[in-house]
Structure formats: C-alpha cells, structure tokens
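Notes follow once the structure below has been shown.
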Protein chains: 2
Amino acid sequence: MKTELDGDRDFSQQIARTIRDAILAGHLPADGRLPSESDLAAQFGVSRPTVREALKRLAAQNLIRTQRGATGGAFVNRLGFDEAQEHLVTTATLLLSMNRVDFETACESRFALERACLPLACARREPQHLATMRAEIARQGTAGLSDEDFCASDVAFHRALVDAGRNPVLSWHLAGAVEAMQPLMNMITFTARSRSRIVDLHNALADAVAAQDAGAAGAAMDALAGYTLELGGQIRARRAQPAPDGATAG
Amino acid sequence: MKTELDGDRDFSQQIARTIRDAILAGHLPADGRLPSESDLAAQFGVSRPTVREALKRLAAQNLIRTQRGATGGAFVNRLGFDEAQEHLVTTATLLLSMNRVDFETACESRFALERACLPLACARREPQHLATMRAEIARQGTAGLSDEDFCASDVAFHRALVDAGRNPVLSWHLAGAVEAMQPLMNMITFTARSRSRIVDLHNALADAVAAQDAGAAGAAMDALAGYTLELGGQIRARRAQPAPDGATAG
DNA sequence: GACCTTCAATTGTCAGACAATTGAATTCCT
DNA sequence: AGGAATTCAATTGTCTGACAATTGAAGGTC
C-alpha cells in the first residue's frame, strides 16, 4: 500500500492530511491502531522523523493518541465532548483576542447563544439542574467570596442552565462560548462589582426555568444581557475619561 | 532564556504547550517571528527534531505558520474567522460522527442556535443579505439542480441569514454549526427530496426578515425545524422497515 | 542606479543510532 | 500444573549530524 505524495513540498502536512481524511471518512475506526512509524515511513516513502511530524500534527488535533511499548503505537482517538470543548474554547479565545472583537459584539453573541437554549431548558430541566443553579446562586451571595470564585460560580450557573436543555451538542456550543467569554466578563465583574444585582437576575432566571416559563426566562436573560452591556459601557466611559476622582454628580 | 521542562517525558508536547500559552497570553504578538528552530532547541535544551515536532503541533492548530529561506521562520498566525470556522467544523464533524449523536439532537441544536440570531437579523439585515437570500431561494427552485448544488445553496442561504445579524462572532458559531450539519442534512435531502416545501419555508423566513418581524421569523424557523425532523423520522422509519417495495397502503 | 551573482540563514528531509517503555513470551520455582 | 519472576521484542521518544531547498539580502558589475 505504497501511497504517493505530491512530489515537492511539505510531506508531513500531506501525510497528516491523508491520515486525517481517512479518519474522518471512517476508514480507520475509533480506537483502531495505525501502523507503526517505521511502517508508515515505508508506505509513504519518507523517513521516520517526517512521519512523526505528521503524527504530531494529528495528535495536536486530538485525532490520535500515542502509546509506547510493545503493543503501543498511534491509536485513533474517540473525541469526547470535553476535549472538543477545550478546542472550542481555545479557538474562540484566540479569535476574540486576535480580531479586536469589541465587548458589545462578544457579549451580544454570548447572550444570543445562551438564549437559544432557554425553551429547551424550561421544557426539560430536572431537579438536579435547578438544584445546581440554586446552589451556585447561594454561593454567589456569600460574603467574602473572591472575585475568581464568584466568576467560577457564575460560569457553573450558566453551565447548569444550558445543561438543563439536555442536548449535549447544544451544551457543547454554549458552554464553550460562555467559558471563552469569561476573561472579558472578569474584566467587568472585577471592576464594577454589583453582585446583588447579578444574583437577583440569576434568581429570576432560575425561577423562570423552574416555572417552565420560557417567556420569563427570555426576559430575565435579556435583562442580564442589558445589565452586562451597561456595565461594559460604564467601564469604557471610565477609561475614556479617567477618574474625576471625587465623583460628584454629573 | 533557558527554559526548563518537566524532566521525564514528551518534550515536544511541553514545548508546544509553553509556546502556545505564550501566544495566548499575548507575549508573542501576531505576525511576530519565533526564534529559529536551532535557537529554540538550545533554549529548551533539546534537539531540533523535538522542537520541530512541537512546532508542527502548533502549526496543526493554525497558531503559527512557517516560511523557508533567509528571513523565514515560524510566525505567529493571526487567526481569522475563516480559519477558526474550519476548526469549528472539523471539531463538530468529528464530535457528531464519533459520539453517536442522533439526528434529532443534532438537528435540534442546529435550529436552536440559528434561531438565536433571528432577532438580530431582523433588526439589522441589509439589502445585500436579503438579495443573497432571495438569490439562493431562486437557485433552489431551478429545475435540474443537482442535490449537491441544492445543499450548497441551502448552506449559503442560511449563511446569509446568520450574517444578516451582523455579529461576526455569532456568525462564526452559527455558520460552523450549519456547515457541520450538512452531511446529515444531505442524508435527508438526497432521500426524501421535497424541495418545493423547503423553498416555501425559506421564502417565509426571508419574508419575515425583510419585514423585520422576529416573531414570524421564529415561527418560520420552527416550521423548518419541524419539517426537517419529520423527514428524519421518515428516513428512520423507512430504514427500520426496509421497502415494502410496491408501496401500497399500510 | 539597475541588474545579476553570491551568500548566508532557515526550514525540510534523511539516515542511523540509542534510550525508555511495556506487554508478551519464556523460564524457573513451588 | 500453576504462578511468579525474568527476558525479550516491538514501539515510541530522542539525539546527532548531515544535506537539500528556498529565499531575502548583501555585494559586485555594467
């Protein structure tokens, strides 16, 4: 099974693409073992380091895992939701940081996406989801909670909310979006902290989901989005005109 | 700047992670050049092939690009929306194919997500978006259109719809989701072809967006989702009880 | 000054070797 | 015969050194 390559350039990339396509096409079943590096080198007519570079490319995409030893080798990975979510978060984080996405745009997309799961969450939420949401709200109300912990709890709350929709694909998308936005959210929460207001809005959301009232849930989500945007606007204004320190009326 | 590694294993992975974190943290600006492979090898105290494996990992994630020649080297990539969407599609495709996600779940998430952009699309759509949608609908109505072209047009229509929301982050998420679902959608369209019904639903969507009526747009989207699910159910039923060939009643 | 040549830096590739790991086969003891 | 310890072989991880290909830049020529 000598496989030909396009004569001139970047063998490792071509090999990686070839194997990747084979995996995506299902020719290589999950948990199946690839030939050894030496065999692959012989098949493609290249040296082992070149094959290794190709395999590292695939490993970077979580398409394969490697194991040493007699029965070791490269095995096709079964991509789970957790790993896929890591990918999503990494990509989204890079995207946001490298494209000068402004806060309003990021915020808007995040809440628009999360809003998408509200009907499902209201219809399918189970006691465990409600319990998690309530627990996180309670946690957010405790005094002396650090900003980091508050943000983590915030993420956990929204995670429970999207999980209540009981659609893993949707949860993957939404949780990834929420997690990728957290750095931006931190910037807000750390500066203009008004936790009680956020706790109130979270409670309204939880109430609506508990009552299976999608309309009310949507309204609560809109209110949360509006408040977050408002905070973002305050931050920007404060930066543009930095500190009339005494802060009189005006 | 000798950088230490955790003594025992998989240097290339550690090096890749180190550089990746530096990029994500912004220590390496976009389009900035990394040290040469030899320099990196010296800095990390490993050989050049090991450094190369690390760089290939980063290249596989589109974090860097490499260029040969005197002024060549590895450069930090500015991750654009297009490349990021490729990532998203690849990950989503793998996720769907490797986790036995059933059609209903995938379909539900896809339409829930797309529904999220309808208010924005109705509020902000511009003539160009409407024109694209109309053009694709017209294309979908032409006789003799191949199934592949019909599907491509379908994707283009939905792409225009989400772009009408004029939020690039949202477009990235939604277009990625739509494109990842296309293989599944093909399965449907190729079998139970009912293009006129789909064209009607697309027209209803376009009308609602043109009229900036978010409620009607949501209803049209729900109808489209319902019809798609219905088709999926038919396919499944037909598979479970394969071909009472003459197709008489009951 | 414009064009050509040479050059040096850098990535891409190769060959062979050795170390580390690990499951399986083998041997040895009971 | 059965189980435990040992040996073994296959495989990945890494190193060394080298050469080829590419490409912008420096220098030389007209």
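These values consider heavy atoms only, across backbone and side chains, with no hydrogens, waters or symmetry-generated copies. Below, read A as the first sequence line, B as the second, and so on, with proteins coming before strands; counting in each chain starts at 1.
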Taking atom P of dT14(D) as reference, at what distance in whole Å does atom CD of E37(B) sit? 16 Å
Against the side chain of T66(B), the closest entry in dT13(C), dT14(D), dT11(C) is dT11(C)
Do S38(B) and R48(B) pair up side chain to side chain, a donor and an acceptor below 3.5 Å, judged on atom types alone? no
Considering all heavy atoms, the nearest Q140(B)-L145(B) contact: CA-CD2, 4.1 Å
Measure CD/Q67(B) against P/dA25(D) and give the value in whole Å, please. 11 Å
Establish, from distance only, whether the side-chain atoms of S109(A) and N167(B) form a donor-acceptor pair under 3.5 Å. no
Between CG of L34(A) and P of dA10(D) the distance, given in whole Å, is 19 Å
Classify the side-chain pair N62(B)/H87(B) by whether it contains a donor and acceptor separated by less than 3.5 Å. yes
How do G69(A) and E53(A) order along DNA chain C: which one's closest nucleotide is nearer the 5' end? E53(A)
Side-chain N or O of R52(A) less than 4.0 angstrom from OP1 or OP2 on dG13(D)? yes
Separation of dG12(C) atom C1' from K56(B) atom NZ, nearest Å, is 8 Å
Would you mind reading off the distance between Q13(B) atom CD and dG13(D) atom P, rounded to a whole angstrom? 9 Å
Donor-acceptor pair present, R68(A) side chain and dG23(C) base, under 3.5 Å: no
Heavy-atom donor-acceptor pair, R48(A) side-chain to dT14(D) base, under 3.5 Å: yes
Please report, rounded to the nearest Å, how far the P atom of dC15(D) is from the CG atom of D10(B). 12 Å
According to a strict under-4.0 Å criterion, is T50(B) in side-chain N/O contact with OP1 or OP2 of dC15(D)? yes
Closest of dT23(D), dG23(C), dT14(D) to the A70(B) side chain is dT23(D)
Any side-chain N or O of R33(A) less than 4.0 Å from the OP1 or OP2 oxygen of dT11(D)? yes
Using a cut-off of 6.0 Å, state whether more than 12 heavy atoms not belonging to R17(B) lie near its atom CZ. no
Whole-Å distance between dT11(D) P and I64(A) CD1? 15 Å
If you only use heavy atoms from C-beta on, which nucleotide in dG12(C), dT14(D), dC14(C) is closest to the side chain of S47(A)? dC14(C)
Calculate the interatomic distance between F75(A) atom CZ and dT11(D) atom P; express it in whole Å. 10 Å
Heavy atoms from C-beta onward define the side chain here; which of dG24(D), dT16(D), dT12(D) lies closest to that of P49(B)? dT16(D)
